[in-house]
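Reviewing the structure listed below.
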2 protein chains.
Amino acid sequence: MKKREVPASVKDERLVKKRRNQMIKGAISLFKQKGFHQTTTREIARASGFSIGTLYEYIRKKEDVLYLVCDRIYDEVRDRMEQAIDTTQGDLDSLKLAIAYYFRVVDELQDEVLVMYQEAKSLGKESLPYVLNKELQMVAMFEHILRRCVDNGVFSLTEQEIQLFAHNIFVLGQMWGFRRWALKKMYTLDEYIQLQTKLLLEGLMKR
Amino acid sequence: MKKREVPASVKDERLVKKRRNQMIKGAISLFKQKGFHQTTTREIARASGFSIGTLYEYIRKKEDVLYLVCDRIYDEVRDRMEQAIDTTQGDLDSLKLAIAYYFRVVDELQDEVLVMYQEAKSLGKESLPYVLNKELQMVAMFEHILRRCVDNGVFSLTEQEIQLFAHNIFVLGQMWGFRRWALKKMYTLDEYIQLQTKLLLEGLMKR
DNA sequence: AAATGTTGAGCGAACGCTCGTTCAATGATG
DNA sequence: CATCATTGAACGAGCGTTCGCTCAACATTT
């Protein structure tokens with residue numbers, strides 16, 4: 001899937017990158033507070049440090065801002081994961097570490113994750129598949145680790161089970177972000193990681 | 001927590017109920033298609049079968065419609081659950097049945113559940129806590145079943161684990177609704193129920 | 001029972017405002 | 001001075017909300 005371009009007029013590459021970064025940074029902080037729909041293009045421009053006219057030199061439609069923001073957040077999460085997770089080992093500890101690390105990333109970027117989770121649906125038919133695909137890539141990272149474990153006989157799962165389990169890890173990580181209104185009253189992040197890891201690995205059956 | 005009222009002028013009780021029902025039905029079908037923000041009060045009125053003027057005889061602000069819709073959906077889900085789930089047994093089978101039944105309810109009402117999930121955040125500071133509380137009540141149904149199982153020695157969990165597990169069931173049920181773009185390609189509902197039940201109860205460890 | 005008054009649900013044109021978007025003018029650069 | 005970047009006033013479509021009006025149904029008077 002090719003990256004959807006958000007063309008502006010032909011300008012200096014460096015400047016475009018710089019302006020886009022200002023824009024993304026400003027927009028994220030606004031979307032965190034008020035959501036995409038309640039945020040005004042003028043507010044985005046002001047928060048980015050330039051005028052409404054300049055904003056429209058670097059995007060075509062307001063929705064382009066949302067696209068750029070979602071794109072950036074996914075990249076941020078994926079980069080952090082790739083940087084810290086070892087998908088080659090294939091033992092139980094590296095799975096546990098991957099889960100723990102992923103949950104910590106979600107915690108660190110909880111506002112950003114929340115923005116994406118709540119606003120991605122407002123993307124048009126063009127951009128949405130591209131963004132959803134990025135999500136599947138991240139799920140695939142967990143699938144990969146799980147598959148390696150199965151190969152090594154650490155536990156045994158069907159392919160169907162592997163994929164579902166990977167989705168579960170992904171969603172239960174996000175849950176720490178989008179249900180914090182309930183969860184933070186009950187657990188610290190460390191408790192959450194420890195408990196979820198236990199429940200994920202062992203289920204609830206007496207053994 | 002008392003039900004937040006959405007007062008209109010003093011009118012015949014029966015009629016108010018009837019109009020509200022028309023409104024909720026029309027609004028849900030619109031919100032499903034286009035979301036709350038993209039839906040116009042005029043469209044809501046038209047879909048409800050009356051005029052924009054009449055709409056405003058029964059609400060004060062557009063947001064009131066969203067509140068009524070969320071309220072209705074939660075009640076619908078809860079009613080179906082209460083009707084079918086036995087919280088008194090406290091054995092493994094009634095837990096499995098509760099999970100299966102809940103997942104089926106989410107499937108049946110997937111559009112409604114999706115609407116709530118995506119739009120509830122747009123509720124104001126007044127209504128949001130009331131709606132979130134309804135959600136906790138549903139989580140509490142699972143907690144109750146789990147607690148009874150623990151009492152009966154079916155399995156053993158700390159109170160912390162019970163609460164988290166209940167949240168997990170709740171969220172993984174909703175996951176079938178909000179990630180159907182990915183999940184429906186991989187599983188039928190029955191497969192999903194069966195696999196999730198297995199993973200929830202047994203985890204992934206070799207035994 | 002005819003004439004007259006009262007009620008209140010229903011209506012939709014009109015209002016005021018917000019917001020996304022444009023573009024002619026101005027500034028900066030080299 | 002030619003080129004590119006920036007600006008913000010202006011635009012106009014679209015929105016939520018209001019309010020004066022209509023009219024059938026019912027109540028009261030004659």
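Below, chains carry the letters A, B, ... as their sequence lines are ordered, and counting in each starts from 1.
- Using a cut-off of 4.0 Å between Lys/Arg side-chain N and Asp/Glu carboxylate O, Glu159(A) and Arg147(A) are scored as salt-bridged.
- Note: CZ (Phe50(B)) to C1' (dC11(C)) measures 12 Å, nearest angstrom.
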Pair Asp86(B), Thr88(B) - check side chain to side chain donor-acceptor pair (under 3.5 Å), show working. CA-CA 6 Å; Asp86(B) 186 358; Thr88(B) 61; 2.6 Å; yes

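- No donor-acceptor contact under 3.5 Å links the side chain of Arg60(A) to the base of dT21(C).
- A close approach under 4.0 Å does occur between a side-chain nitrogen or oxygen of Thr54(A) and OP1 or OP2 of dT7(D).
- Of the side-chain N and O atoms in Thr40(B), one or more sit less than 4.0 angstrom from OP1 or OP2 of dC15(D).
- A salt bridge links Lys134(B) to Asp71(B): one of the charged nitrogens lies within less than 4.0 Å of a carboxylate oxygen.
- Between the side chain of Thr54(A) and the backbone N or O of Phe50(A) there is no donor-acceptor pair closer than 3.5 Å.
- The nearest whole Å value for the distance from the CE atom in Met23(A) to the P atom in dA5(D) is 16 Å.
- Nearest-nucleotide positions on DNA chain D place Leu55(A) closer to the 5' end than the other of Arg42(A) and Leu55(A).
- In this entry the distance linking CG of Leu15(B) with C1' of dT7(C) reads 14 Å, nearest Å.
- Rounded to whole Å, atom P of dA5(D) lies 8 Å from atom CD of Glu57(A).
- Taking atom CZ of Arg46(A) as the reference point, atom C1' of dT6(D) lies 17 Å away to the nearest angstrom.
- Between Thr41(B) and dG16(D) there is a side-chain N or O to OP1 or OP2 distance below 4.0 Å.
- The shortest distance between the side-chain N/O atoms of Tyr56(B) and the OP1/OP2 oxygens of dT18(D) is not below 4.0 Å.
- Atom P of nucleotide dC19(C) and atom CD of Gln38(B) are separated by 14 Å, given to the nearest angstrom.
- Close to dG10(C), at under 4.0 Å from its OP1 or OP2, lies a side-chain N or O of Tyr58(B).
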